[in-house]
Amino acid sequence: MIPANFDYESPRTLSEALELLASREDAKILAGGHSLLPAMKLRLAQPALLVDIGRIGGLSYVRESGEHIRIGAMTTHAEIASSKVLQRFSPLLPQAACQIGDMQVRNCGTIGGSLAQAHPAADYPAVVLALDAEIVVASRTGEREIPAREFFTGMFSTELHPHEIITEIRVPRTDDQGIAYKKHHHPASGYAVVGVAVRLKLSVGKIDTVAIGITGVGQNAYRATAVENALRGKPVAAIREATAHVAKNVEVLSDNYASSDYRQHLAAVLTRRALEQAAGGRAK
Amino acid sequence: MKDVTITVNGVEHRAQVEPRLLLVHFLRELAGLTGTHIGCETSLCGACTVLVDGRAVKSCTVLAVQADGHKVTTVEGLANGDRLHAIQEGFWEEHGLQCGFCTPGMIMCSHDLLKQHPSPSDSEIREAINGNLCRCTGYQHIVNAVRSASRKMSKRVSARAAAAR
Amino acid sequence: MARNGKPRRAPRSNGKTNGHAKAAHWVGRKLKRKEDPRLIQGITHYTDDLKLPRMLYCTLVRSPYAHAEIRGIRTDAARAVSGVAGVFTAEDTASLGMVPCAIQMPDLKVPKHPVLATDRVRYVGEPVAAVVADDLYAARDAAELVEVDYEPLPVVTDMQKALSNDTPYVHDEFRSNKAFTHTLKNGDIAAAFKKADRVVKQRMLNQRLAPIAMETRAVLAEYLPGEHRLTVWSSTQIPHLLRTQVSVMLGLPETAVRVIAPEVGGGFGSKLNVYAEEGLIPWLAMKLGRPVKWSETRRENFTATIHGRDTINDVELALKKDGTVLGLRVRILADLGAYHQLLTPLIPQLTALMLAGCYKFPAIDIEIQGVFTNKMSTDAYRGAGRPEATYIVERIMDIAAHELGMDSAQFRLKNFPQPKEFPFTTITGLTYDSAKYQESLKRALQLAGYDTLRRRQKNGWKQGKYYGVGVSTYVEICAIGPSAATPAGGWESGTVRVEPTGKVTVLTGASPHGQGQETTFAQLIADELGIDPEDVSVVHGDTMAVPYGIGTFGSRATAVGGTAAYLATQKLKAKMATLAAHLLGSTPGDITIGRGHLTAKRNKKSISFGELVMAAYTARNIPPGFEPGMEATHFFEPSNFTFPFGAHIASVEVDAETGEVKVDKYVAVDDCGNVINPLLVDGQIQGGIAQGIGQAMWEELIYNEEGQLVTGSLMEYALPKAHFLPEFTLDRTVTPSPVNPMGVKGVGEAGTIASTPCMVNAVCDALSPLGIRHIEMPLKPERVWRAIIQVQAAPKEPEPAIVPALAAAAARKPAQKTARRRV
């Protein structure tokens, strides 16, 4: 219940935060705190310095910007879930956001924090993958963009360097596409046992664009590229067969709630259902 | 140690705290407000729910230093003198509690819900309180309590609006 | 006849009270609870809310191993932490008595159970050292620095392995892991099975559960050396029994110990116990001369507060082909864990008693073995033995109905005793007080729209949709109970005192933790005295204020504690009538009490309630030999248990592709005898149903082979959440109990007992056309999915594609010909 001691700084600017982060070996960023603090309370995480970025202005926003929507890293799940801009132009994110944790968690947890933690069963990773989002990160030396597809590298591990901070997530407009997020909630934790985010565009009855992001199944969220390839150019009727192997070549997780066999099966079923929904029910 | 100033139920509390002090311990141990309970250490039971700047949060998963300069409302801050808040009345009238341990968290969570959605459906109420565990009631009377509170609050809002006209 | 010799009361609904004038009918009303204003405002105190001057905080160091030798403990580093007042191990606490077990049985092996582990630890979470410091954070930091040198030993977690020859012993001194064997046999079981047309067999597990009261346990103790007085605040269901045990553990006179149960945030049986910490914390307070508080974390609550259930049951039911039950044979292995807590070995025996369910079994044969394993103790968890019994009976009855191709409701109706057969003596030797099982079941069928549900089910099967209808009828044993059948006395105390101003104080030994006795007892006493419940204050949970009592558990508070208060009130009313007769110039038999007055019928003179009471206290004008004051106490010893009953029906849909189960309807018709406050009765039932569904669907404590509790947090152990559950439809029948004068039975556990088998019956029913017979709890989607794919993969099984045809066949003549699989 009680975290070990740590030093604490709450910088007012991003550059101050980046300096602090670089100043100590085992410094950690505190965003919404809803992944880090529970781990610290169980003393599974014992950072020496917490850099609280909650007081840096201007990191919480949702803005339209041409073909993209830009989301500040400190935007909470609740803000994403209720964002009119996202609901209109890129509704996959709000659809997943409203299924994260519970109301209190959504009021505090942030998209940047969730992505940086890269929990293998978090919801956002599947979504940003399916959206081909860009994750913008800052360090003392400047800014870089990491494509979502390159971001997740393993369980709780990402392309993010220790001294970098996520500042923004850029997602494309998908208002010309069907989208769906299907999730099997763990009944206790609320995490995704399997979460499947898809977007899909049909062109004269054939699948033109398709993207499938899957969380909860592997060490980290992934794109089901083989299924996407098998579906491109095919009619929606091909979905059932193509999705059967959505977890093939993945080292599938197993726990007391769901074995790897079941997760794999669930991934196939939920992927099919998500694609069918995204195709507007025309896939039967 | 860090200096913090947290306004709890309209009263300013200043203290020097360890950065690791959890908001729930600040409230219970330093501010002496024990209506906010601790039911787990994994941010899942919701017993410690309070409002920070009006939004429901689990005070076991917030550091007191994060709440520095913010306004916190706990269950003790809801009633106006002898007059109970409509949500408290709802819980009382609909028998929305038994042992009462989860109740302050349930009430604070419902407060946020009703601010965002003044007339929620039963299933919206159930979704909204899914981060608050109750082992006594089976939730049915809690749903009734929130529904009843929502009706009361809507009535009061329309009565106030009518009076203003 | 009720044992106290008072005339038995008619059902309360007629409003008459023992020949006195009409009461105000507070009983039967949905009164708002008197306890709520303080709870909804957060202005009351649970144990952890209390803070005393100079108070210290205790954190316990617990074993991370399920079985290990303790080679040594180093505490220097912990002691050096700023603010630490002391670190204590078993060497220091040698003078403390053992953690008590109240159960005595022939051949029962009772291991030594020290407050802190001495040379060995036997389960993960066993307390090893206590760290006491000025503040909680320092105590926690110091606890990290206590170094214990463990030598891990082989672990036994599987009950069946624990009974084999080559197994580690949990307690070497017994040379066996078998703690007891309990048998109950009656009727000619051999003949029953010999003449049976059909024998239905099934192994079924009742998984280990965590009670999870939302308030974890907490203990605060203060010792005042000058007064030789120890005060212990504990989150307990049994303050008086705890006082006795604490005085024994500490070697103090019982008069020096005061136990207070402040607000208690739920118990569900988990606080019907005496724990190591309840001896240790008072000892620390005495040792250090300062108040000491310990509050359990949820992790500790999972590992070191008692668990419930955990049995393996082999069940055989002998039947005639017309569906008449002939005999039941049950073999049970009960996992007791490493040590006996207060009632550990008793719980399986309650299962044995209730295995006749609400059916007429001519013969029964039960054998239960209690087994030690390297786990936390099992003990009373909501229902305590009865849910296990009901699960066995209701599952095997349902499986039998399916095998015989009978409707599961009709099959049950066939085997109920008739109402005129009550009091009904069961094959297990109990006397059921009163019941109309037919009535509650028929009402439930009607409310659920049973025929419609069955039609939907058949149509659904044709379309590949799996709807299931679960029926469960139950009887439970409540109002625990006659003292001869209980380990620590089964009576309860009640004191009623009318204060000089006419306000009434009721003292009850049945210390509540959410049940609402402050309201229901006030309603009851207000009616008896013709006053308003607002004028009745119910006091409980303080051994210094309340005469010795037993506590709240086993659905006993109203039926035993309420009766005690009721009978105390009768004594008081007789006394009032004597004084009133004296003052009004009449005879006691002529006096009526009601509407705040006592009236002499013949001369129409009356005196107000307040004046009369004041006269009893001023005592200037009292009859000769009349004792001044207005207080009476009754210790009520029930002549029998009570036996509430009911029928529950669940309607579910199973997603055959994912194994997910959706509950779309849940109907419960319960009969707890007369009802004092319908709102509170409904609350008990709803909460109970949710908890029982929790066991059926989600809850499961899993120890791995190393004895680690792998579902030991709310991240893994799934309690029912609001959106998992449908709105329950409740109704009741009212069959008063003849055991107590109020005709009440008890309702605290009913929902939990009925709903678990109801849900499993519903899911298995849904999948019956696939040939699925039984799925173990909890019905996690994966389990259900596996059951389905196993029957689909089995050779000579019908293909899923022809399920509709099969379903049609099953509807005509189900079951026998389809292959069966247990998962």
Side-chain angles (χ1 to χ4, degrees), chain B residues 18 20-21 25 28-29 32-45 47 74-79 84-85 87-105 107 122-123 125-143, chain C residues 30 32-33 35-46 48-51 135-137 211-216 263-268 295 297-299 301 513-516 679-680 682-691 693 713-715 719-725 727-728 730 751:
Chain B
E18 281 186 331
R20 62 173 171 161
L21 183 73
H25 286 137
R28 290 175 56 81
E29 303 287 329
L33 296 165
T34 56
T36 303
H37 299 147
I38 300 170
C40 73
E41 54 273 357
T42 48
S43 316
L44 279 162
C45 80
T74 70
V75 70
E76 291 97 332
L78 284 188
L84 294 174
H85 189 279
I87 302 174
Q88 292 171 316
E89 285 177 356
F91 273 76
W92 192 10
E93 285 160 10
E94 299 293 335
H95 186 33
L97 61 150
Q98 289 176 30
C99 82
F101 195 79
C102 74
T103 311
I107 289 176
D122 283 8
S123 74
I125 296 172
R126 285 180 185 269
E127 286 289 341
I129 59 171
N130 82 7
N132 294 70
L133 298 174
C134 169
R135 194 61 154 163
C136 295
T137 64
Y139 303 103
Q140 191 148 322
H141 283 166
I142 294 177
V143 174
Chain C
K30 293 184 173 185
K32 288 192 293 186
R33 294 202 315 175
E35 35 279 86
D36 287 359
R38 62 179 192 261
L39 292 165
I40 55 182
Q41 295 182 85
I43 50 175
T44 183
H45 301 301
Y46 299 83
D48 187 41
D49 300 339
L50 301 170
K51 214 176 193 178
D135 84 79
L136 189 56
Y137 283 49
I212 313 291
M214 290 318 300
E215 183 211 14
T216 56
E263 296 295 353
V264 176
F268 313 108
S295 299
T297 64
R298 182 58 68 188
R299 174 69 188 168
N301 182 255
H513 42 286
Q515 292 83 355
L679 203 55
L680 272 59
D682 286 354
Q684 287 294 322
I685 290 172
Q686 289 160 359
I689 292 171
Q691 228 162 336
I693 294 179
S713 90
L714 291 173
M715 290 292 284
L719 294 190
K721 296 178 183 175
H723 68 304
F724 294 179
L725 300 166
E727 180 164 335
F728 311 130
L730 304 189

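Note on naming: letters A, B, ... go to the chains in the order of the sequence lines (proteins, then strands), and numbering restarts at 1 for each one.
In terms of heavy atoms, C:Phe268 sits closest to B:Cys136 at CZ-SG, 3.8 Å. In plain terms, the two heavy atoms of C:Tyr46 and B:Phe101 that are nearest each other are OH-N, 3.2 Å. The two residues C:Tyr137 and B:Glu18 make their nearest non-hydrogen contact at CD2-OE1, 3.8 Å. In terms of heavy-atom proximity, B:Arg126 sits nearest to C:Leu725 at NH1-O, 3.4 Å. In terms of heavy atoms, C:Met214 sits closest to B:Arg135 at CG-N, 3.9 Å. Taking both residues in full, the closest heavy atoms of B:Cys99 and C:Gly265 are given as SG-C, 3.3 Å, listed atom of the first, atom of the second, then distance.
Ranked by heavy-atom pairs under 4.5 Å with chain C, the first of B:His85, B:Gln88, B:Glu76 is B:Gln88. Interface remark: of the candidates B:Thr103, B:Thr42, B:Ile87, B:Ile125, B:Thr42 forms the most heavy-atom pairs closer than 4.5 Å to chain C. Contact count against chain C (heavy-atom pairs under 4.5 Å) is highest for B:Glu29 among B:Glu29, B:Glu89, B:Glu94. Among C:Gln684, C:Met715, C:Arg38, the residue with the largest count of heavy-atom pairs under 4.5 Å with chain B is C:Met715. Per-residue heavy-atom pair counts under 4.5 Å with chain B were compared for C:Thr44, C:Val264, C:Leu680, and the maximum is reached by C:Leu680. Of the listed residues (C:Ile685, C:Leu39, C:Asp49), the one with the most heavy-atom contacts under 4.5 Å to chain B is C:Asp49. Contact count versus chain B (heavy atoms, under 4.5 Å) is highest, among C:Gln515, C:Glu263, C:Arg299, C:His45, for C:Arg299.
Interface residue B:His141: backbone and side-chain heavy atoms are both found under 4.5 Å from chain C. Using a 4.5 Å cut-off between heavy atoms, B:Leu84 touches chain C through its side chain atoms alone. Neither the backbone nor the side chain of B:Ala47 has a heavy atom closer than 4.5 Å to any heavy atom of chain C. Neither the backbone nor the side chain of C:Ile689 comes within less than 4.5 Å of any heavy atom in chain B. Proximity to chain B (any heavy atom under 4.5 Å) is restricted, for C:Ser713, to the side chain, taken from C-beta onward.
Here the side chains of B:Leu97 and C:Arg33 are in contact, with some heavy-atom distance below 4.5 Å. At least one side-chain heavy atom of B:Leu133 sits less than 4.5 Å from a side-chain heavy atom of C:Lys721. Here the side chains of C:Asp682 and B:His95 are not in contact, with every heavy-atom distance at 4.5 Å or above. B:Val143 is not listed as a side-chain neighbour of C:Glu727, based on a closest heavy-atom distance of 4.5 Å or more.
The backbone N or O of B:Ala79 lies less than 3.5 Å from no partner atom in the side chain of C:Gln41, so there is not a single donor-acceptor pair. Between the side chain of B:Tyr139 and the backbone N or O of C:Pro720, at least one donor-acceptor pair lies under 3.5 Å. One N or O on the side chain of B:Arg28 and one on the backbone of C:Asp48 form a donor-acceptor pair closer than 3.5 Å.
Once rounded to the nearest 0.5 Å, the distance linking NE2 of C:His723 with CG of B:Asp122 reads 15.0 Å. Rounded to the nearest 0.5 Å, atoms CD (B:Gln98) and CD (C:Glu35) are 10.5 Å apart. Put simply, CD on C:Gln686 and OG1 on B:Thr137 are 7.5 Å apart, with the number rounded to the nearest 0.5 Å.
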Report task. Take C:Lys51 and B:Thr34 through the side-chain contact (heavy atoms from CB on, under 4.5 Å) test and state the conclusion after the steps. Result -> CA-CA 10 Å; C:Lys51 214 176 193 178; B:Thr34 56; over 6 Å; no
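Contacts of B:Phe91 classified as ring-ring contact (aromatic ring centres under 6.0 Å, His included), with partners at least two apart in sequence or in another chain: none. Residues that satisfy the ring-ring contact (aromatic ring centres under 6.0 Å, His included) test with C:Phe724, not counting sequence neighbours, are C:Trp698.
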